[in-house]
Amino acid sequence: KNQVEQSPQSLIILEGKNCTLQCNYTVSPFSNLRWYKQDTGRGPVSLTIMTFSENTKSNGRYTATLDADTKQSSLHITASQLSDSASYICVVSASNTDKLIFGTGTRLQVFP
Amino acid sequence: NAGVTQTPKFQVLKTGQSMTLQCAQDMNHNSMYWYRQDPGMGLRLIYYSASEGTTDKGEVPNGYNVSRLNKREFSLRLESAAPSQTSVYFCLLESSADYGYTFGSGTRLTVV
């Protein structure tokens, strides 16, 4: 069964600190993996997208990594800001379907 | 979420009432999706439309109907709302280029 699991479920950090969010998937055949940021009360917004051949992708202070062999991805946030407080969702696509498989998200709270 | 308009943003219904959620796009995309988001669960696909005039069931279609009369609009209808349909609903567009997906801002529906 195609699944996406994220950890931790929630995370609290202090402003300025770094953090890493994890995503493990069992989707096959793999097509691509996205990380989304969802602010409270808003729709998810894309941060990064990686295909099978890519193992890292950056977007400002956000850096995503992908290990297609172990089927793991991580999202690293550098020098966190209060505005980083949000849910971060990992989404994986299989190449044999139009469907997206969503993780349940990691809720990040950044405190001053 | 520019280019994708969802209405209404909030709605409270009594059990048994009906309503239609609207999604309109000006991005000229073919594929449009309706998802629901519930606490502790990943976004789940209700229905999708690969092109004007075509619709297909997703993971959780029961209790919903959809309509794609033109390329621009994709509506989701609840004929007889139930408390289990209390959720946040998102419209999603798929771009055929570079794996792009764009979410609408969401509709928060409460059925009492």
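Letters A, B, ... mirror the listed sequences (proteins, then strands); counts begin at 1.
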Trainee: Report whether B:Tyr47 and B:Val4 are members of the same hydrophobic cluster (ILVMFWY, side-chain heavy atoms less than 4.5 Å apart, transitive linking).
Mentor: yes
Trainee: Against chain A, work out which of B:Gln6, B:Gln37, B:Arg44 has the most heavy-atom pairs shorter than 4.5 Å and name it.
Mentor: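 Option with the top pair count is B:Gln37.
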Trainee: Shared ILVMFWY cluster between A:Ile77 and A:Ile89, side chains joined below 4.5 angstrom?
Mentor: no
Trainee: Heavy-atom count around A:Glu5 CD within 6.0 Å, excluding the residue itself: above 12?
Mentor: no
Trainee: I need the minimum non-hydrogen distance between B:Phe90 and A:Gln38, along with the two atoms involved.
Mentor: CZ-NE2, 3.3 Å
Trainee: Rounded to the nearest 0.5 Å, how far does CG of A:Leu100 lie from OH of B:Tyr35?
Mentor: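 So the OH of B:Tyr35 and the CG of A:Leu100 are separated by 4.0 Å.
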Trainee: Is it the side chain or the backbone of B:Leu43 that comes within 4.5 Å of chain A heavy atoms, both, or neither?
Mentor: both
Trainee: Hydrophobic clustering (ILVMFWY, side-chain heavy atoms < 4.5 Å, transitive) - are B:Tyr101 and A:Tyr88 grouped together?
Mentor: no
Trainee: Below 4.5 Å from any heavy atom of chain B, which atoms of A:Ile101 appear? Answer side chain, backbone, both or neither.
Mentor: neither
Trainee: Should B:Leu92 and A:Trp35 be regarded as members of a common hydrophobic cluster, given that ILVMFWY residues are connected when their side-chain heavy atoms come within less than 4.5 Å of each other, either directly or indirectly?
Mentor: no
